[in-house]
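A note on names: the letters A, B, ... follow the listed sequences, proteins ahead of strands, and every chain is numbered from 1.
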There are 2 protein chains.
Amino acid sequence: MRLTTKGRYAVTAMLDLAINQHTRPVTLHDIASNQEISLSYLEQLFARLRKSGLVKGTRGPGGGYRLAREPVEISIADIITSVDERIDITRCAGREDCHDGERCLTHELWADLSDKIFQFLDEISLGELIDRERSRVDALTAKADSSNDYDSRAARVVFDSKPPVSRRTGT
Amino acid sequence: MRLTTKGRYAVTAMLDLAINQHTRPVTLHDIASNQEISLSYLEQLFARLRKSGLVKGTRGPGGGYRLAREPVEISIADIITSVDERIDITRCAGREDCHDGERCLTHELWADLSDKIFQFLDEISLGELIDRERSRVDALTAKADSSNDYDSRAARVVFDSKPPVSRRTGT
DNA sequence: ATTTAAACCCATTGTTTTAGTCGGTAATTA
DNA sequence: TAATTACCGACTAAAACAATGGGTTTAAAT
């Protein structure tokens with residue numbers, strides 16, 4: 001399973017759709033200006049999402065994209081596997097050129113790991129992600145209202161994910 | 001957090017070291033021929049792993065690499081974050097150009113997700129991975145010994161990870 | 001001492017993926 | 001009919017991945 005900004009673009013775009021699921025179709029133009037990425041690149045991503053049956057597009061004025069299913073029925077894994085190629089040709093594709101047991105061991109270990117990550121991402125749906133975030137933001141808003149400054153919260157929200165400090169090593 | 005074959009090469013190579021941790025240093029030449037990847041590319045990866053303090057190299061004949069810490073003290077996240085660039089320049093790096101609440105929302109959502117994945121990978125150590133696999137293989141071996149064919153197990157071990165079927169959609 | 005096996009270093013190249021650009025066509029609404 | 005949108009395909013640019021090739025140290029073995 002590959003995990004890059006490409007899948008991230010797709011997930012954030014799908015969240016945009018999920019939020020407006022029962023109000024209006026969202027145009028790629030909207031998403032492009034929201035996220036400041038190119039319209040044509042979004043089109044490429046949505047071509048994949050459409051082929052995977054995750055979104056439906058309607059043309060013409062007032063048109064745009066909607067989720068093909070309810071947000072709860074779409075997992076993050078669905079989205080990410082939809083947009084990346086994933087042909088995954090490995091050197092050790094058959095038994096024949098696998099000369100020692102050790103190599104097979106590490107292959108299998110990685111396969112297990114990869115499966116775990118997939119399962120993790122497959123157990124989170126767009127719907128759950130929104131609910132989770134909504135309650136978190138509500139809590140923060142309530143806290144901010146009772147105190148004085150709004151900026152401390154805003155600062156938290158704008159910064160992007162950095163790899164946190166390791167639990168084991170402290171580096 | 002980026003997750004590609006690059007990190008995977010690093011993890012499998014580190015497993016090689018972990019397995020031989022208390023016997024002998026492992027040469028990059030060994031790993032290169034085991035995994036069938038270029039020696040020089042491995043050198044590039046190990047330059048990073050060394051700078052991160054995960055491995056120690058000793059030169060000369062009989063030399064090679066050892067883990068700098070015990071396998072239990074090295075997480076998969078340590079390895080992966082060590083080999084990939086992770087400059088992660090985002091468009092919305094500061095508060096100033098973040099024009100609407102929605103965009104910040106999705107950013108934060110992704111950051112949360114990214115953190116979860118990191119934590120997941122940070123809770124698995126090389127040591128645990130080996131133990132887990134050892135017991136799994138032992139169980140399979142016992143089963144194979146009591147029956148007749150060896151091939152069914154071998155077939156499972158050589159094939160690489162494919163994205164499994166989605167829990168939600170069946171696709 | 002000399003040879004040899006290894007890490008270590010760096011610059012370059014090729015390949016793939018990511019991201020963006022351009023110029024359209026088709027459908028739909030106003 | 002005009003405007004707005006999805007949809008399509010080919011092309012380009014930039015970045016990351018992966019490999020190549022030329023070294024130099026270091027240290028053990030001969």
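Side-chain atoms of B/Thr4 lie closest to D/dC17 of the nucleotides D/dC17, C/dG20, D/dC8. Listed nucleotides D/dA18, C/dA7, C/dT18 differ in distance to B/Tyr41; the shortest reach to its side chain belongs to D/dA18.
Looking only at distances, no side-chain donor or acceptor of B/Asp122 sits under 3.5 Å from a matching main-chain atom of B/Gln119. Side chain of B/Thr5 to backbone of B/Arg8: no donor-acceptor contact under 3.5 angstrom is found. Between the B/Thr4 side chain and the B/Lys6 main chain, a donor and an acceptor come within less than 3.5 Å of each other. Formation of a donor-acceptor pair under 3.5 Å by the B/Arg66 side chain with backbone atoms of B/Gln21 is found in this model. The backbone N or O of A/Thr12 lies less than 3.5 Å from no partner atom in the side chain of A/Asp16, so there is not a single donor-acceptor pair.
In the helix from C/dA1-D/dT30 to C/dA30-D/dT1, the end axes, each obtained as the rotation axis mapping the C1' atoms of four pairs onto the next four within a five-pair block, lie 10° apart to the nearest 10 degrees.
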Show each protein N/O and nucleotides 10-15 of chain D N/O combination with a separation under 3.5 Å, one pair to a line.
none

Check the interface with nucleotides 22-26 of chain C: list each N/O to N/O pair with the protein under 3.5 Å, or write none.
from   : atom 1 : to      : atom 2 : distance (Å)
C/dC22 : N4     : A/Ser40 : OG     : 3.4
C/dA26 : N3     : A/Arg59 : NH1    : 3.3

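Contact detail for A/Ser125 and A/Val72: the closest heavy-atom pair is CB-O, 3.3 Å. Across all non-hydrogen atoms, the minimal contact from B/Ala18 to B/Leu67 is CA-CD1, 3.6 Å.
One atom, OH of B/Tyr65, and another, C1' of D/dT26, lie 13 Å apart when rounded to the nearest Å. In this entry the distance linking OH of A/Tyr9 with P of C/dT18 reads 12 Å, nearest Å. Rounding to whole angstrom units, NZ of residue B/Lys6 and C1' of C/dT16 are separated by 14 Å. One interatomic measurement links the two molecules: CD1 of A/Ile31 to P of D/dT5, which rounds to 12 Å at whole-angstrom precision. Remark: C1' of C/dA19 and CD of A/Gln35 are 14 Å apart, rounded to the nearest angstrom. For the pair A/Leu42 CG and D/dA6 P, the interatomic distance rounds to 10 Å; values are reported in whole Å. Distance, B/Leu28 CG to C/dC9 P: 13 Å, rounded to whole Å. For the pair B/Lys56 NZ and C/dC8 C1', the computed distance is 17 Å after rounding to whole Å.
One finds the CD atom of A/Gln35 at 11.5 Å from the CG atom of A/Asp30 (value rounded to the nearest 0.5 Å). Rounding to the nearest 0.5 Å gives a distance of 10.5 Å between CG of A/Leu17 and CG of A/Leu54. One finds the CG atom of B/Leu28 at 5.5 Å from the CD1 atom of B/Ile31 (value rounded to the nearest 0.5 Å). Distance check, rounded to the nearest 0.5 Å: CZ of B/Phe46 to OG of B/Ser82 gives 10.0 Å.
Residue B/Arg50 has a polar side-chain atom (N or O) positioned under 4.0 Å from OP1 or OP2 of C/dC9.
Here A/Leu39 lies out of heavy-atom contact (under 4.0 Å) with every strand.
Relative ring orientation between B/Tyr41 and B/Tyr9 is described as perpendicular, the plane-to-plane angle rising above 60° on a 0-90° scale split at 30° and 60°.
Residues A/Pro61 and A/Phe46 both approach DNA chain D. Their nearest nucleotides, taken by heavy-atom distance, put A/Pro61 toward the 5′ side.
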